[in-house]
Number of protein chains: 2
Amino acid sequence: MQLDDSSRITIVEVAEYAGVSTATVSRVINKSGQVSTEAATKVYAAIDALNYKPNAAARGLASRRTNAIGLLVDEINSEFFQPMLRGIEVTARASGMSLLISSTGGMNKASPPYPLGENNTDGLIVFADSLPQEELIRLHKIGFPLVLLHRSSPPNFNIPCVTVENKEGARRMVNYLIKERGYRRIALLEGPDSHEDAQWRKLGYQEALAAHAIPFDPNLIFRGGFNERQAYTTVSHWLEQKPNAEVIFAADDDSAIGAMMALKEAGLRIPEDIAIVGFDDIRLAAYLDPPLTTVRAPIEQAARIAVEQLVKVIHSETVELITLLPTELVIRRSCGC
Amino acid sequence: MQLDDSSRITIVEVAEYAGVSTATVSRVINKSGQVSTEAATKVYAAIDALNYKPNAAARGLASRRTNAIGLLVDEINSEFFQPMLRGIEVTARASGMSLLISSTGGMNKASPPYPLGENNTDGLIVFADSLPQEELIRLHKIGFPLVLLHRSSPPNFNIPCVTVENKEGARRMVNYLIKERGYRRIALLEGPDSHEDAQWRKLGYQEALAAHAIPFDPNLIFRGGFNERQAYTTVSHWLEQKPNAEVIFAADDDSAIGAMMALKEAGLRIPEDIAIVGFDDIRLAAYLDPPLTTVRAPIEQAARIAVEQLVKVIHSETVELITLLPTELVIRRSCGC
DNA sequence: TTATGCTATGTAAGCGCTTACATCAAACTA
DNA sequence: TAGTTTGATGTAAGCGCTTACATAGCATAA
């Protein structure tokens, strides 16, 4: 099966049909330069009659713009992605940009060549730890438009970033557990070190403890990895040591789910024997048994804003360097209320 | 912020650095034609030293190939998308293809110009009802590579398609409800008419009834729309009429969730007062209360295969015209066992 | 009238690659 | 030995657009 070359319509055919030059056709299509209404009408008619579609590669080559943005993620492995992708896709399309998506392989093992970059897009949304810092810096140094999503800029580089109030959300959650629920021994099921959301949430946890003069206990810190299975394994092992935590703060809902499974298997009642809370408020959270108390993160909104920022950077407009979206405590039964 | 033009390196710089012609560099990059090991080594060294990345637009223009495939969906509005996107992205990348994603707006209101097509991709995965049949036929007629996902070919056009055994899965589910559970009055909460999965599932439902000589009762058919909210509304209204169904077969899990919510609000116990089953086995299904009996659809696998087929079509290899992946009954408590 | 500024349009030079074709040396064949 | 094949490489012509620059027509100013 082959595309029929002879029938391929180019700007030349359109120009001939409309009785104008290719430059005028180009001006009409791009709404650039001055064109009389009369000429524009003829061009539109020709485009319609011939069913002409401008060749994206030729446009890109001539204009040195691809009209495409890229989304780089580490791995499409969580429910988290649906609202994020939705936000990005809708906003990109509304901005007249094509959207290229690629993952860098998961497992934090991204290595060159990277699938998306200055050679095939006008700018990149870099999600979390999908790209090593050195590549980020290389792209930024050559002036390539970049917006970070759920990750902050390397020091001294001022790459715009959009994320949620991770530290503040975690702080408020832990604060709530201490003040309203009276817990003192709060375990943290932390996310991957490489993932910045994880670091901020841990910091919020520590700050809340400090604010109530509760000493930080490293024995209450465990690795959940933003991952149901890993959390399950970690918590299962942990339970064998008869820990005396009153509540687990899982750094995301996925790991909370894994933890809950481990707790139930160990015969512990939630929240009577041990309470648990999460972070993100993925759809599933409300359906768990018991429903999960968590911190709602405006994932889709963050994604939309990231694209808007990126488009501005591409157009050389100024943008906020840091956009932090507020989170919201969602109290359900798993925390013991 | 601007890309520094002077520092942009092209194939010419690489050729000079390596002491060969641009043609040789091109041959090395594309592994086409004959190149001595010696020359290849020099070229690779030059590419490395200069950090050269071939310009995608220029390649596309010269070769008349974009090395990109497109995924067209109606709307990214369901958990369904995560495994599907994952399958498509991973397979596309493994095939050396870039992935462009666009939605056509949802609400079944796709209209030209379509964001993806012969001008910017080498081929398209068309999901469900994201594209009107006439555009599908236009693309197919000009020989543009197309693979349909969760949709079958328009009659007489033989566009390859990949989907799951919708009819068979529904038939087996309804058969199970009749034979194993003894139900006779089985309501169907059907999907959107425009969505082919919905049509096949309904057909399977009808065949199972017929096989057990249970008359088809139009009063037991309701519109769930593959959509939690719509299903909730429909079922709420339906309950006001005191229907005497013993079980609801929701055409997908999302609508099953909406239906369950409506049933619970009406004070009905599941499955004692009325049972319910779904289709797809999204992650949430296992966590519902009670856990949802459903039909497991291999969504990620279907996506992978669709991309593999598309790549074959692009390379003018022959492919299966119809790929039907088997589904599996997942029995949980919501059906009354 | 002639000069001056605008607007509308055309001409043509690339953008950075791929690839058909030409070329030439080395390795065969008879 | 001369003729033929084969492998390795280079030359250069586009691919289908955009856009700097040139030009022409017309209104307005001097």
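Order of the sequence lines fixes the chain letters, A, B, ..., with proteins taken first and strands second; residue numbering starts at 1 for each chain.
Using a 4.0 Å heavy-atom distance criterion, B:V20 is classed as a sugar-phosphate-only contact. Residue B:S26 is in base contact, counting any heavy-atom pair closer than 4.0 Å across all strands shown.
A donor-acceptor contact under 3.5 angstrom links the side-chain atoms of B:R27 to the base of D:dG10.
The phosphate of D:dG10 (OP1 or OP2) has a side-chain N or O of B:S21 nearer than 4.0 angstrom. Checking the phosphate oxygens (OP1, OP2) of D:dT19, no side-chain nitrogen or oxygen of A:S32 falls inside 4.0 Å. B:R64 has a side-chain polar atom (N or O) that falls below the 4.0 Å cut-off from OP1 or OP2 of D:dG16. Distances shown here put a side-chain N or O of A:T24 below 4.0 Å from the OP1 or OP2 atom of C:dG10.
Proximity note for B:S63 (side chain, C-beta onward) versus D:dT18, C:dG10, C:dT18: the nearest is C:dT18. For A:A23, the listed nucleotide lying nearest its side chain is D:dT19; candidates were C:dT18, D:dT18, D:dT19.
A donor-acceptor pair is defined here as one N or O able to donate and one able to accept, closer than 3.5 Å; no such pair exists between the side chain of B:S26 and the backbone of B:T22.
Counted by atom type alone, A:T163 and A:R151 present zero donor-acceptor pairs between their side chains at under 3.5 Å. Looking only at atom types and distance, the side chain of B:E320 has no donor-acceptor partner in the side chain of B:T323 under 3.5 Å away.
For A:F81 and A:F127, the gap between ring centers is short of 6.0 Å.
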**Study point:** A:V43/A:T41 under side-chain contact (heavy atoms from CB on, under 4.5 Å): CA gap, chis, key distance, verdict
**Key:** CA-CA 5 Å; A:V43 169; A:T41 310; over 6 Å; no

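Residues satisfying the side-chain contact (heavy atoms from CB on, under 4.5 Å) criterion with A:N55, sequence neighbours excluded, are A:A57, A:A58.
Rounded to whole Å, atom C1' of D:dT19 lies 10 Å from atom CZ of A:R65. In this structure, CD of A:E16 is placed 12 Å from P of C:dG10, rounded to the nearest angstrom. Note: CG (B:L61) to P (D:dA13) measures 17 Å, nearest angstrom. Computed from coordinates, the B:N67 CG to C:dC17 C1' distance equals 13 Å when rounded to whole Å. As a whole-Å value, the separation of B:I11 CD1 from D:dA13 C1' is 15 Å. Rounded to whole Å, atom P of C:dG16 lies 17 Å from atom CG of B:N30. If you measure from atom CD1 of A:I9 to atom P of D:dC17, you get 10 Å, rounded to the nearest angstrom.
A heavy atom lying under 4.0 Å from DNA chain D marks the following residues of residues 34-59 of chain B, by number: B:Q34, B:V35, B:S36, B:A39.
Ranked by how close their nearest DNA chain D nucleotide is to the 5' end, A:G60 and B:T22 are led by B:T22.
Interatomic distance, OG of A:S102 versus CZ of B:R93, reported as 5.0 Å (0.5 Å rounding).
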